[in-house]
Amino acid sequence: MEQNLSEQEITRRNKLEEIRKAGIDPYPAEEFLVNANAVDIKENYERDKLNYKDISLAGRVMGVRDMGKAAFAELQDSTGRIQIYVRRDDICPGEDKSLFDLLWKKLLDLGDFVGVKGYVFTTKVGEISIHVTSLKLLSKSLKPLPVVKTDEDGNAHDEVSDPEFRYRQRYVDLIINPKVKKTFEQRTKIINSIREFLNGHGALEVDTPVLQSIPGGATARPFITHHNALDMPLYLRIANELYLKRLIVGGFDWVYEFSRNFRNEGMDRTHNPEFTILEFYVAYRDYFWMMETTEKLLEKIAMDLHGTTDVTLGDKTISFAAPFKRISIFGAIKEHTGVDVSKMNEEELRATCKKLHIEVDNSMGKGKLVDALFGEKCESHYVQPTFIIDYPVEMSPLTKKHRTEAGLVERFELMINGKEVANAYSELNDPIDQRERFEEQVKLQERGDDEAMFIDQDFLRALEYGMPPTAGIGIGVDRLCMMLTNQVSIQDVLFFPQMRPETKAVSEEA
RNA sequence: GAUUCCGUAGCUCAGCCGGUAGAGCAUUACACUUUUAAUGUAAGGGUCCUGGGUUCGAAUCCCAGCGGGAUCACCA
């Protein structure tokens, strides 16, 4: 493969050869033991100076201020940056000054990994720095890193802002944009916090199939693949719900899974083809208990992450302090349209939608019409965490019928910042009712709804053995991360968001 | 999938009333043993996304394609 190398890349490759000629291995195999890091030194040196007389750390050279026979440089390790002070006669105590004059001054580039040993001191301007007594090249960088400089006030200059560059070369984004790195560290903190909460309540983390022969548990278009040995189609899961319920049938009281789901639909600021849902199912509980548990969980995550329940999101402040507001979906529609649709039949609903200028078609049943009304007129108003409860049975084929309200089911969705973040039910455990609901879905399919659910016979068989009353929930982990880390795009909470391929598939050369 | 904006040096961007490219940082060379967006002097670096068209002449105007962002549709 021919590569078109830039001037700077050629220069670095030439330096690589010179390094080898000088008898230095640019990619040494042996370990370099580290006993300190940038943040630890900056935070603790002042009060514990004796402990920082013989330190060893490693990282990338991210900036050099050369002064002739001495130099200051920025060393960036996994925790942050620290200034190092390299003086020729300290790293080259003998006659041979080549380590400084040749390697340091001529052959080292921004982005190279070095290991340094030395002692910590404070410069006369007051910056805690490392006075280097020995220096070792650990890995040569052959591509120039975009240089981002930060001034006294912390403003970044020439920050790489091109989203395409940042998403395709996330590794570079992470090196040069500390805020990006922080967001992903926060994402992991959020997930750890959730695990801690669930494990603390005795929940069991499980794994269920990603390859499924019937894509169930949600309404969405799946990705299709093929198993060669079995010669049959398989689908990437759109949800894991039906498998977790099978485990409740099997006798577990509380199971959970961080489920990577795949849906073959559009992409935008809040949708990526693969995304993560946390689902958990708890026996002998109902959706009221689930609302309280969700409040406790979110409150804990916010506290673990920010130390407060008030979280900044754009120009808004979201309060994750329990309890959250609750309103029925019909109540929400009445509040934002002035129309009471709770007693309407399908035709009246369709007429109401048309009156409110909402696009409808004949394939839409009662459930989809109510969903459209809520989505168009209500959803965006719920900025603070709000439970929308008691949905019509037609839009919830896996949910138990409401204990008192005919035509409704025991379901809630949690809205935050105008977006659905969680969806939960008192789970339907009546196998005969479940079969009828699936059959309703088949009718919708016949009417042209290509997202209606398939019948999963094995799931029905499991229910027939008996499933205890159960509460279940799915929480959109990516969206929750967006809300808690103040990001507007799902691409900024996924390390490697989906992109079209970069290189042309077909070469036009003859 | 539709509409719209964008694609110029390693990075950030200027140039866009058509006359074959500029700045800052980065790079190269020299100077400098406490600097910190280090500094000073000098130099090099571009298939102006790709392919067509208009024109004496295109980074600039037109068309198509590729890639990205935003909005909409589908959806979480």
Side-chain angles (χ1 to χ4, degrees), chain A residues 4-12 14-15 62-74 81-90 100 105-106 109-111 121-127 129 131 141-169 172 176 218-221 238-239 261-277 359 371-372 375 379 413-415 419-423 450-451 474-480 482 488-491 497 499-506 508:
Chain A
N4 289 324
L5 296 177
S6 70
E7 181 195 31
Q8 293 193 43
E9 288 173 299
I10 291 164
T11 303
R12 289 190 179 210
N14 292 339
K15 287 178 179 180
M62 294 298 284
V64 177
R65 295 178 284 280
D66 222 309
M67 310 288 302
K69 293 180 183 62
F72 288 93
E74 300 288 328
R81 288 190 184 188
I82 190 160
Q83 177 169 266
I84 61 172
Y85 179 52
V86 182
R87 202 154 63 172
R88 187 180 73 170
D89 296 336
D90 289 330
F100 186 85
K105 289 196 76 166
K106 302 276 183 195
D109 286 302
L110 298 189
F121 74 111
T122 306
T123 66
K124 68 181 181 191
V125 199
E127 177 154 352
S129 308
H131 193 125
S141 161
L142 294 182
K143 276 182 97 65
L145 228 36
V147 179
V148 180
K149 298 211 171 187
T150 309
D151 65 22
E152 285 178 348
D153 306 322
N155 302 312
H157 296 261
D158 300 333
E159 197 168 19
V160 176
S161 52
D162 175 18
E164 183 171 3
F165 185 104
R166 291 186 41 232
Y167 299 149
R168 286 197 195 282
Q169 302 187 52
V172 177
I176 62 182
T219 54
R221 269 179 281 272
I238 56 173
N261 294 346
F262 305 83
R263 297 189 185 175
N264 205 340
E265 282 157 356
M267 296 161 58
D268 60 29
R269 291 217 315 289
T270 53
H271 299 263
N272 194 68
E274 58 179 291
F275 63 105
T276 304
I277 295 278
E359 265 188 56
D371 200 29
E379 200 169 61
E413 288 194 357
L414 174 63
M415 312 297 304
K419 287 271 182 300
E420 181 195 337
V421 172
N423 182 20
D450 56 354
E451 288 172 353
I475 298 175
V477 173
D478 311 297
R479 286 187 180 178
L480 184 64
M482 288 166 64
V488 294
S489 173
I490 196 169
Q491 296 174 111
M499 289 281 205
R500 282 203 167 83
E502 194 173 0
T503 47
K504 287 167 195 160
V506 183
E508 290 180 22

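Below, read A as the first sequence line, B as the second, and so on, with proteins coming before strands; counting in each chain starts at 1. Quantities reported herein were computed from a predicted structural model and do not represent experimental measurements.
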Using a 4.0 Å heavy-atom cut-off across all strands, classify [X] as base, sugar-phosphate, or nothing.
X         : value
Phe262(A) : nothing
Asp90(A)  : nothing
Glu420(A) : sugar-phosphate
Asn261(A) : nothing
Arg263(A) : base
Asp162(A) : sugar-phosphate
Arg221(A) : sugar-phosphate
Val125(A) : base

Please state whether the base of [N] and the side chain of [X] form at least one donor-acceptor pair under 3.5 Å?
X         : N      : result
Glu164(A) : G67(B) : no
Gln83(A)  : U35(B) : yes
Asp268(A) : C74(B) : yes
Thr123(A) : U35(B) : yes

Donor-acceptor under 3.5 Å (Arg221(A) side chain, Glu265(A) main chain): no

Quick check for you: among [options], whose closest atom lies nearest to any side-chain atom of [X]?
X         : options                : answer
Gln491(A) : G45(B), G69(B), U35(B) : G69(B)
Asp158(A) : U71(B), U35(B), U12(B) : U12(B)
Tyr85(A)  : U35(B), U34(B), G10(B) : U34(B)

Using the [atom1] atom as the reference point in each nucleotide, state the distance between [N] and [M] in Å, no decimals.
N      : M      : atom1 : answer
A38(B) : G46(B) : P     : 27 Å
A64(B) : C72(B) : C1'   : 24 Å
A9(B)  : A21(B) : P     : 15 Å
A37(B) : U12(B) : C1'   : 14 Å

Residue pair Lys143(A) / Gln8(A), side-chain heavy-atom distance below 4.5 Å: no

Mutual orientation of the aromatic rings belonging to Phe121(A) and Tyr85(A) [parallel < 30°, tilted 30-60°, perpendicular > 60°]: tilted

Paired nucleotide for G1(B) [Watson-Crick or G-U wobble; both distances under 3.5 Å]: C72(B)

Counterpart base for G45(B), defined by Watson-Crick or G-U wobble contacts under 3.5 Å: none

